[in-house]
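Here is the structure we will look at, set down as structure tokens.
Scope of the values below: all heavy atoms of this structure, side chains included, with no hydrogens, waters or symmetry mates. Labels below follow one simple rule: chain letters A, B, ... track the order of the sequence lines, proteins then strands, and each chain is numbered from 1. Please read these numbers as outputs of a predicted model, since none were measured by experiment.
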2 protein chains.
Amino acid sequence: MTLRHAILGLLSKWDATGYDIKKEFDDFMSIFWHSHLSQIYPELNKLETEELVTSRLIPQEGKPHKKVYSITDGGIEEITNWVGSPPEIPKIKDSFLMQVFFMDNISVDQVIFQLKYYQGVRQKRLDEMKLTVQEAWKSIKERQTMTPRLLMSSAVLRRGLEQEVQYIKWCEETIQLVEACKSLWDPDASLDSVLPFEEAKDLMEEYFNAAVGLEED
Amino acid sequence: MTLRHAILGLLSKWDATGYDIKKEFDDFMSIFWHSHLSQIYPELNKLETEELVTSRLIPQEGKPHKKVYSITDGGIEEITNWVGSPPEIPKIKDSFLMQVFFMDNISVDQVIFQLKYYQGVRQKRLDEMKLTVQEAWKSIKERQTMTPRLLMSSAVLRRGLEQEVQYIKWCEETIQLVEACKSLWDPDASLDSVLPFEEAKDLMEEYFNAAVGLEED
DNA sequence: AAATGCATGTAATTGGTTACATGATTTC
DNA sequence: GAAATCATGTAACCAATTACATGCATTT
């Protein structure tokens, strides 16, 4: 039940229609949230009956009317309370990592293909994000003003960027590891002509230490 | 609809009860998946009617009976197909990042408190994970064998670890940035006695470059 | 005496996705 | 001529969470 906070948060800054909110979700906020119009519209109605927001109709020519929402004092109270409330531990669902986890069921070539493909998908996302940052950065430099608003949204943006950068790097390093350990997938890996354990161990240790110190014997 | 694949993936390795599956989700697999028993049991029944798994009852003394599930050939086909299918772009929901995004609504002190608190939560998770890695690592070294199964699950573990490490680092660096820009939250920030724009700009540039090159003019 | 673990499930509710419905304007 | 954008919504369906229900054994 955090959709309401996503909406109230946005409305604490600007008045907006359901359609505007959806665009904001898909654009900047996509780093941490998403939703469908068919969920946003009913939620806005609920918020209105709870008197956390108000709306007014704005007729337009050639286009459908707009229903512009504004936040109320009650809404402001709700959102500030929520922002200051204890953060929850995120419950992750990363279906790609799950695929990786079960990739001993497919061939090495398929494994490498999947990792490369996903790396590409992530790279595309990163490129798009970089454009967003550059635009945001440009407008900040033009306006010559820094505000808490700008600061905190930049922090979120940076987090989004580095998340992509890191996932891409992980793909790269994992591809390398899999390629080095290719022979483990051989059907007759029991004949230990393939990859001696010690070698695999060293490769794995290097792979782990590239990201994080294991700090044990 | 990926819960079915989480279950089938596990059953492609060992026979298990719904209760076992839940424990595996909460333990190792928590890096990328989670679910409730009340969702797992019905899903297992569905999988059985679709003949992707079979079950047998094992009576026990003093404890309730066990319903142990095994994967069928059809189930194996389903899971291998899925593992090799095009990965989907993850739709993130990170409510903490959303809180951060809207933290211009609360005081600097509260902002710093929230970031520190969350850093602690993540640190705890990291510590737990490190124990898991060390145990896994120990048993690998004892058995002196490396398999695709072990390799791919280690890759996922490393991803989980580095995710935590990085989030913690981000918290740290963001706390530093916020502390350096504290005066922006002053009510009379209009009097530009507070933090000159150029200084803020430099701090921000440093903050971004610590994680990712902006590579523009 | 109370809480946790083992082990199964159902029922009710909320959250989220996909499909349907409308209709003018602009871009490809 | 088709697709996308603007702008609102409803209905049906699927996924996920919370609550309810049972019951014995062990740990605190």
Side-chain angles (χ1 to χ4, degrees), chain A residues 1-8 10 14-27 29-30 32-50 53 55-69 82 88-95 98, chain B residues 1-8 10 14-27 29-30 32-50 53 55-69 82 88-95 98:
Chain A
M1 249 260 279
T2 322
L3 172 62
R4 61 191 301 109
H5 299 120
I7 293 173
L8 288 173
L10 268 184
W14 325 285
D15 288 0
T17 67
Y19 199 81
D20 294 335
I21 290 167
K22 168 67 171 157
K23 275 196 293 179
E24 209 61 32
F25 280 8
D26 290 345
D27 188 40
M29 291 171 77
S30 64
F32 58 84
W33 205 256
H34 63 96
S35 187
H36 293 263
L37 278 170
S38 56
Q39 207 187 352
I40 295 167
Y41 287 126
E43 190 65 45
L44 280 165
N45 278 323
K46 242 197 272 173
L47 289 171
E48 197 169 17
T49 60
E50 290 177 50
V53 303
S55 72
R56 71 212 124 92
L57 281 171
I58 295 185
Q60 292 186 122
E61 286 162 39
K63 284 179 194 172
H65 66 281
K66 271 188 181 183
K67 206 168 165 186
V68 178
Y69 288 89
W82 180 76
E88 276 171 52
I89 325 96
K91 284 174 183 176
I92 308 152
K93 287 211 172 171
D94 184 331
S95 68
M98 184 157 117
Chain B
M1 249 261 277
T2 321
L3 172 61
R4 61 191 301 109
H5 299 121
I7 293 173
L8 287 172
L10 268 186
W14 325 286
D15 290 359
T17 66
Y19 199 80
D20 294 336
I21 290 168
K22 168 66 174 161
K23 274 195 294 179
E24 208 61 31
F25 280 7
D26 289 346
D27 187 40
M29 291 172 75
S30 64
F32 58 84
W33 206 256
H34 63 95
S35 187
H36 293 262
L37 278 171
S38 56
Q39 207 187 353
I40 294 167
Y41 287 127
E43 190 65 44
L44 280 166
N45 279 322
K46 243 196 271 173
L47 288 170
E48 196 168 19
T49 60
E50 290 176 50
V53 302
S55 72
R56 71 212 124 92
L57 280 171
I58 296 185
Q60 292 185 124
E61 286 162 37
K63 284 177 193 173
H65 67 281
K66 270 188 183 185
K67 206 169 168 187
V68 178
Y69 288 89
W82 179 76
E88 276 171 52
I89 325 96
K91 284 174 183 175
I92 309 152
K93 287 211 173 172
D94 184 331
S95 67
M98 184 157 116

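- If you take NZ of A/Lys46 and P of D/dT10, they are 13 Å apart, rounded to a whole angstrom.
- As rounded to whole Å, 12 Å separates atom P of C/dT10 from atom CG of B/Leu44.
- Take B/Ser38 and apply the side chain to side chain contact (heavy atoms under 4.5 Å, CB included) test, not counting sequence neighbours, and it matches B/His36.
- Under the 3.5 Å distance criterion, the side-chain polar atoms of B/Asn45 are left unmatched by any main-chain donor or acceptor of B/Pro42.
- Counting non-hydrogen atoms under 4.0 angstrom, A/Lys93 reaches the backbone sugars and phosphates but no base.
- In this structure, A/Tyr19 has no ring-ring contact (aromatic ring centres under 6.0 Å, His included) partners at least two apart in sequence or on a different chain.
- In this structure, A/Glu43 atom CD and C/dT14 atom P are separated by 12 Å, rounded to whole Å.
- For the pair B/Asp26 CG and C/dA7 C1', the interatomic distance rounds to 15 Å; values are reported in whole Å.
- Side-chain atoms of B/Ser55 and B/Glu48 include a donor-acceptor pair closer than 3.5 Å.
- Between A/Leu3 and A/Ser35, the shortest heavy-atom distance links the atoms CD1-OG, 3.7 Å.
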Pairs under 3.5 angstrom, nitrogen or oxygen only, protein versus nucleotides 4-9 of chain D, please.
{"unit_1": "D/dC6", "atom_1": "OP2", "unit_2": "A/Tyr19", "atom_2": "OH", "d": "3.0"}
{"unit_1": "D/dA7", "atom_1": "OP1", "unit_2": "A/Gln60", "atom_2": "OE1", "d": "3.1"}
{"unit_1": "D/dA7", "atom_1": "OP1", "unit_2": "A/Gln60", "atom_2": "NE2", "d": "2.9"}
{"unit_1": "D/dT8", "atom_1": "OP1", "unit_2": "A/Lys67", "atom_2": "N", "d": "3.0"}
{"unit_1": "D/dT8", "atom_1": "OP2", "unit_2": "A/Tyr19", "atom_2": "N", "d": "3.1"}
{"unit_1": "D/dT8", "atom_1": "OP2", "unit_2": "A/Tyr41", "atom_2": "OH", "d": "2.9"}
{"unit_1": "D/dT8", "atom_1": "O5'", "unit_2": "A/Tyr41", "atom_2": "OH", "d": "3.4"}
{"unit_1": "D/dG9", "atom_1": "OP1", "unit_2": "A/Lys67", "atom_2": "NZ", "d": "3.1"}

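- In this entry the distance linking CD of B/Gln39 with C1' of C/dA11 reads 15 Å, nearest Å.
- Rounding to whole angstrom units, CD1 of residue B/Ile21 and P of C/dC6 are separated by 15 Å.
- In terms of heavy-atom proximity, A/Phe25 sits nearest to A/Ala6 at CZ-CB, 3.6 Å.
- Per the geometry, CD1 belonging to B/Ile40 stands 14 Å off P belonging to C/dT10, to the nearest Å.
- B/His36 has its NE2 atom 16 Å from the P atom of C/dT14, to the nearest Å.
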